[in-house]
Trainee: 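Supplied in C-alpha cells, the structure appears directly below.
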Amino acid sequence: MYSKAHHKRAHILREQGKSLKEIAEALGIAKSSASYWLTGHANKGAFGTMNRQEWLAKIRVRSLEVRRNNSIKRQSPIDEQAKSIAQKLHPNIETNRAILAGIYWAEGAKTSGGTVCFANTDPLLIKLFTTLFRECYDIDESKFRLRLHLHKYHNEAESKNFWSQLTRISISKIGKIYWKKEPNSGKRYRQNFMGICFVRYNSAQILRELIAYYKALGEYLTSK
C-alpha cells in the first residue's frame, strides 16, 4: 500500500531523531507500521553498509541528542520566566525564616539530640540552608560541623574541599567520612555529584524554634 518513498522518508525522519509516534503522524501510518518499517524486516538493505544493530545504535544516539535538545528548548523559557519572577522578590527576615523552616521541615532531622542537622546531595539546597541559617540566627561559627557520606567513586579530598568552600565551614570541622556500602552485585543505584553533606549546628534552642515555627506555619497556611 505504501511506496518506497514512504519507507525512505520513515528512515530519514528516524535519522533526524524523530520518535516512532512522530514518524507515524508525519506519514499518516500506524505506529506499529513505523516500528516494522524501521526494524529492517520490510526494507532489507536500507541501512547501507551498516548492519541492523549498527544502524539502530547510531539512530539511538541521534534520537537521544534530539530529545535532549528539544528538552532544553522547552525548558529554557520556563527557566527565564522563573528567574524573572524570583528577581522581583524582596524577601525580608520573616520571609527567610519561613523558607528556612520549610526546607528544614522537609530535609532536616527532627530528633538529633539537640543539634540542628540538615542533609542533602543538592549543593544549591545546602548553600540555601547555610545562607538563610546565618541570616536568621545570631550564630557561633565554631559550632558548625560537617559530615560526609561518600561512595567509593568519590575523591575524599575533592569532596571535602567542595563542601567546605560551598558552606564556608572549615575543612577542620569535617568529621570522619562515612563510606557507604556498595549495593549487591548487579543492583543499580543513583550516583550523586559530591556525596551527601550533613550540616550540623549544636543548639537545642534553635532546633526547638525551627520545629515550632514550621508546625505553626503549616497549621496556619492549611487553615486559611
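We count residues from 1, following the sequence as given. Side-chain atoms are counted along with the backbone in the values below, which use heavy atoms only and exclude waters and symmetry mates.
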Trainee: Check for a donor-acceptor pair, side chain of T131 on one end and backbone N or O of K127 on the other, with a separation under 3.5 Å.
Mentor: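 Yes.
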Trainee: Please check if W163 and L132 belong to a single hydrophobic cluster, counting links between Ile, Leu, Val, Met, Phe, Trp and Tyr side chain heavy atoms closer than 4.5 Å.
Mentor: yes
Trainee: Measure the CD1-CD1 distance between I211 and I206 for me, rounded to the nearest 0.5 Å.
Mentor: 12.5 Å
Trainee: For the pair T115 (side chain) and Y201 (backbone), establish whether a donor and an acceptor sit closer than 3.5 Å, ignoring hydrogens and angles.
Mentor: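 No; judged by distance alone, with no hydrogens or angles, the pair does not exist.
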Trainee: State whether E135 and R97 are salt-bridged, where the test is any N-O pair (Lys NZ or Arg NE/NH1/NH2 against Asp/Glu carboxylate O) under 4.0 Å.
Mentor: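 So E135 does not pair with R97 through a salt bridge.
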Trainee: Establish whether F198 and L146 are linked, either directly or via other cluster members, by ILVMFWY side-chain heavy-atom contacts under 4.5 Å.
Mentor: no
Trainee: Apply side-chain contact (heavy atoms from CB on, under 4.5 Å) to L27 and I23, showing your working.
Mentor: CA-CA 6 Å; L27 299 179; I23 294 171; 3.9 Å; yes
Trainee: Looking at CD1 of I177 and OG of S159, how far apart are the two atoms once the value is rounded to the nearest 0.5 Å?
Mentor: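 So the gap between those two atoms works out to 7.5 Å.
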Trainee: Do N96 and P91 have side chains that get closer than 4.5 Å, going by heavy atoms?
Mentor: yes
Trainee: Run K31 and E25 through side-chain contact (heavy atoms from CB on, under 4.5 Å) and show every step you take.
Mentor: CA-CA 8 Å; K31 184 179 176 181; E25 291 176 349; over 6 Å; no
Trainee: Tell me, yes or no, whether the heavy-atom count around R168 atom CZ, taken from other residues, nucleotides or ligands under 6.0 Å, exceeds 12.
Mentor: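 No, the 6.0 Å shell around CZ holds no more than 12 heavy atoms from other groups.
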Trainee: S164 vs I169, test: side-chain contact (heavy atoms from CB on, under 4.5 Å). Steps then yes/no.
Mentor: CA-CA 5 Å; S164 174; I169 298 173; 5.6 Å; no
Trainee: Taking only residues two or more places apart in sequence, or in another chain, which ones meet E156 in a salt bridge (Lys or Arg N to Asp or Glu O under 4.0 Å)?
Mentor: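 Once residues adjacent in sequence are excluded, the partners of E156 under the salt bridge (Lys or Arg N to Asp or Glu O under 4.0 Å) criterion are K160.
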Trainee: Determine whether the aromatic ring centres of residues Y104 and Y213 are separated by less than 6.0 angstrom.
Mentor: no
Trainee: Verify side-chain contact (heavy atoms from CB on, under 4.5 Å) between K180 and L150, making sure each step is shown before the conclusion.
Mentor: CA-CA 6 Å; K180 296 180 70 67; L150 306 178; over 6 Å; no
Trainee: To the nearest 0.5 Å, how far apart are CG in L100 and CG in L128?
Mentor: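 L100 CG to L128 CG: 8.0 Å, rounded to 0.5 Å.
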Trainee: In Å, rounded to the nearest 0.5 Å, how long is the span from NZ of K215 to CG of L210?
Mentor: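 K215 atom NZ to L210 atom CG measures 12.0 Å (nearest 0.5 Å).
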Trainee: Quick check on Q75: does its CD atom have over 12 non-hydrogen neighbours (other residues, nucleotides or ligands) under 6.0 Å away?
Mentor: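 Buried by this count: over 12 neighbours within 6.0 Å.
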Trainee: Can you tell me how far apart CD1 (I99) and CD (E94) are? Round to the nearest 0.5 Å.
Mentor: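 If we round to the nearest 0.5 Å, I99:CD1 and E94:CD are 11.5 Å apart.
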Trainee: Looking at every non-hydrogen atom in both residues, tell me the closest pair between S142 and D140 and how far apart they are.
Mentor: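 Nearest heavy atoms, S142 then D140: OG-OD1, 2.8 Å.
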Trainee: Indicate yes or no for a side-chain donor-acceptor contact from S76 to the backbone of K73 under 3.5 Å, with no hydrogens or angles considered.
Mentor: no
Trainee: With no hydrogens and no angle check, is any side-chain donor or acceptor of S84 less than 3.5 Å from a backbone partner on E80?
Mentor: no
Trainee: Rounded to the nearest 0.5 Å, how far apart are OG of S170 and CD of Q165?
Mentor: 11.5 Å
Trainee: Is F118 close to T130 at the side-chain level, that is, under 4.5 Å between some pair of heavy atoms?
Mentor: no
Trainee: Do I93 and C136 make a side-chain contact, defined as non-hydrogen atoms from C-beta onward lying under 4.5 Å apart?
Mentor: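 Result yes, sub-4.5 Å side-chain heavy-atom pair found.
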Trainee: If you define the side chain from C-beta out and look only at heavy atoms, does anything of N120 sit under 4.5 Å from I196?
Mentor: no
Trainee: Do you know which two heavy atoms are closest between L13 and A26, and how far apart they sit?
Mentor: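 Of all heavy-atom pairs spanning L13 and A26, the closest is CD1-CB, 3.9 Å.
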Trainee: Are any side-chain N or O atoms of H149 and backbone N or O atoms of Y178, one a donor and one an acceptor, separated by less than 3.5 Å?
Mentor: no
Trainee: Kindly indicate whether the side chain of F144, heavy atoms from C-beta on, has any atom under 4.5 Å from the side chain of N202.
Mentor: no
Trainee: In terms of relative ring orientation, are F133 and Y137 parallel, tilted or perpendicular, with 30° and 60° separating the classes?
Mentor: tilted
Trainee: Does the plane of the ring in F193 sit parallel, tilted or perpendicular to the ring in F162? Use 30° and 60° as the thresholds.
Mentor: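 F193 and F162: perpendicular rings.
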Trainee: Taking the side chain as every heavy atom from C-beta outward, state whether L125 and P123 have any atom pair closer than 4.5 Å.
Mentor: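 No, every pair of side-chain atoms sits at 4.5 Å or beyond.
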Trainee: Under 4.5 Å between any side-chain heavy atoms of W105 and K110, yes or no?
Mentor: yes
